[in-house]
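A short worksheet on the structure shown next.
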Amino acid sequence: MANVIEKLIEEIKLVVNESLKKACSSGELPEVLVPEILIEIPREKEHGEFSTNVAMQITKQAKKAPRQTAEIIIKNMNLENTYIEKVECAGPGFINFYLNLKWLYETIKVIQAEREDYGKINLGNGAKVMVEFVSANPTGPLHMGNARGGALGDCIANVLKAAGYDVTKEFYINDAGNQIEKFGKSLEARYIQLLLGEDAVPFPEDGYQGEDIKDHMRDYISINGDKLLNTESSDRQKILVEYALPINLQRIRTALKNYGIEFDVWFSEQSLYDSGELEETLKFIKENGYTVENEGAVWFKASQFGAEKDEVIIRNNGLPTYFASDIAYHRNKFLKRKFDRVINLLGADHHGHVARMKAAVSSMGIDSDKLDVVLFQLVRLFKDGEAYRMSKRTGRAVSLNDLLEELGKDGERNDEEAIIYGKDAARFFFNMKASGSHLDFDMSLAVQKSNENPVFYVQYAHARICTIITQAKEKEGVEIPDVNSVDLTKLDKKEELDLIKALAQFPEEVRISAKTLEPSRLTRYVLDVAGYLHSFYHACHIRGEEENIMKARLLLIDSTRTVIRNVLSILSISAPERMD
RNA sequence: GCGCCUGUAGCUCAGUGGAUAGAGCAACCGCCUUCUAAGCGGUUGGCCGCACGUUCGAGUCGUGCCAGGCGCGCCA
């Protein structure tokens, strides 16, 4: 788990620190309180590999112009046995560090040694973290919000894994409460209407209108007939829910699997009722005086814990709200299952839930900073430039299955290829943009103009590497050599060095993505790497070159292949070996 | 009315308080007898919504406006 860049930054920090000490003790600089030395990677390549602003930060203390301070710091540096080749003062007082190429060759060696582990870091130190995402209402199919939240949540979990956390992916099944009741009433109404005619009973005003409800009941009737007609209504609803809910859940599972997502835990809301945890939780909150009764309902005093207003936890009909079971659920996450950190993904339209959930967590004596809520903006689907909302078939919003099907369809693909393609394209698109940005997804662009699709750009780079490696072996008899038997200094062209620099950046990208919970950063990174690979491909040949060059370049593209694979594996996007 | 999110090139978006603000698409000009042209190279294109403030330094932080999205006691 070597992070070459991190090591270099440490080395430079040390050099700067030593130099400051020396300058202070010799009286060239007054005694200064050195702030945390910040080493950054300049945007402009002419400014070196790394730079620091320390001279400007201590301007006041040093009582000198920043450039003058910078010169003093540079003069006192000891660069022996470091990767630093040259140090310059530039601009308003930056100190720029130029490295010798050794660190790039070191990077190739690290990648060759670590293979599929390259990019893994130990930021998390094995801390137990749960990522709860999708958690779709099981009364119907997955929609676009679930699709974005799913791609995002799954990748956040994967990034955290790569960053050294012990990650659990969890789906919270809302199989209790109001919407299940609504589900039961909708099923019941369709059941009766199908058997006795449309006018036999009115359909509930707020019921689920979708065609899938009718389909469930057609199937049910074809198996079980009309025997529930004389059953008492509440029992009938219960039986119908018990029939349809597992089918819906199974469909959700399958859809998610096709989408590349497999959860470690499927956690039932109903189980919180059954185990008594909900009751225990409510008792705890009440006994600590965190509730108040008003208008026949019981309220949680969320305002006492920083939220804007109080929230109902038990309605005046005596039934707990969703919020009540969510409190019990979080008690379970933190106190029963002892997660160090919990990350919930929520559509931005649920942002009102954040403050009250944090308040509830605080009320149970848990540090609310341990709960992160990632809000993602909703998705607007477009097709041929027009908003595309409803699926005609189901009368519902476009489902994840519809999307994958739509993206994957192409006369030449078989069903299996279509699903994989749809998954790759959808996941790539959903993870190209930061979670907070609104996302317009134009399906016609992802399907018709597939040659402009960025997912191809990356996969093509990977396939290109695979082809070259295969042909080098078959036609030249040269295999990827052992890294220690090759003269890596043969890699000295601009395109080669740029490519290696990009590869060196990978562990750093993982660290930042994990810290900011933004896997979109990795999507853009892998696009970058692919770009450098394509540029290299056009500037440098492999087959037909002199043997030492051929071997060094084979190692370079093999290392590139490793990085592309590792990133795509975090994103759960396939890395095909050929595209034709 | 209050709260959360967003505002950067024609479009879609990057941009961890740093130096001359970037990419893709679109437009235009080049490159296939050479390992995949699903590719490469180049040109054009910016009051970073507006105004103050903090700072050696602001697209980035703070305050106030403006515009869009979302939410606001017994839905989830």
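Below, chain A is the first sequence line, B the second, and so on; all start at residue 1. The structure presented is a predicted model; accordingly, all values stated were derived computationally and were not measured.
- Pairs of Watson-Crick or G-U wobble type, with distances under 3.5 Å, assemble into runs of 3 or more in RNA chain B at these ranges: B:1-7 with B:66-72, B:10-13 with B:22-25, B:27-31 with B:39-43, B:49-53 with B:61-65.
- Base engagement by A:Ala90 is indicated by at least one non-hydrogen atom pair under 4.0 Å involving a base atom.
- In the interface, the side chain of A:Asp310 is not paired with the base of B:G73 through any donor and acceptor atom under 3.5 Å apart.
- Nearest-nucleotide assignment on RNA chain B puts the 5′-proximal partner with A:Arg464, out of A:Arg464 and A:Glu269.
- Residue pairs meeting the ring pair (Phe, Tyr, Trp, His ring centres under 6.0 Å) criterion with at least one partner in residues 513-532 of chain A, sequence neighbours excluded, are A:Phe506-A:Tyr525.
- You won't find any donor-acceptor pair under 3.5 Å spanning the side chain of A:His538 and the base of B:G41, going by distance alone.
- A:Asn178 comes within 4.0 angstrom of the backbone, heavy atoms only, and of no base.
- Look at A:Phe94 and the base of B:A19; the rings stack, centres closer than 5.5 Å and planes less than 30° apart.
- Contacts of A:Ser51 with the nucleic acid, taken as non-hydrogen atoms under 4.0 Å apart, include base atoms.
- Residue A:Ala434 is in sugar-phosphate contact alone, with no base atom involved, counting any heavy-atom pair closer than 4.0 Å across all strands shown.
- Listed by residue number, there are no residues of residues 64-73 of chain A with a heavy-atom contact under 4.0 Å to RNA chain B.
- Taking the six-membered ring where the residue is Trp, A:Tyr208 and A:Phe183 present perpendicular rings, their angle passing 60° and hence far from 30°.
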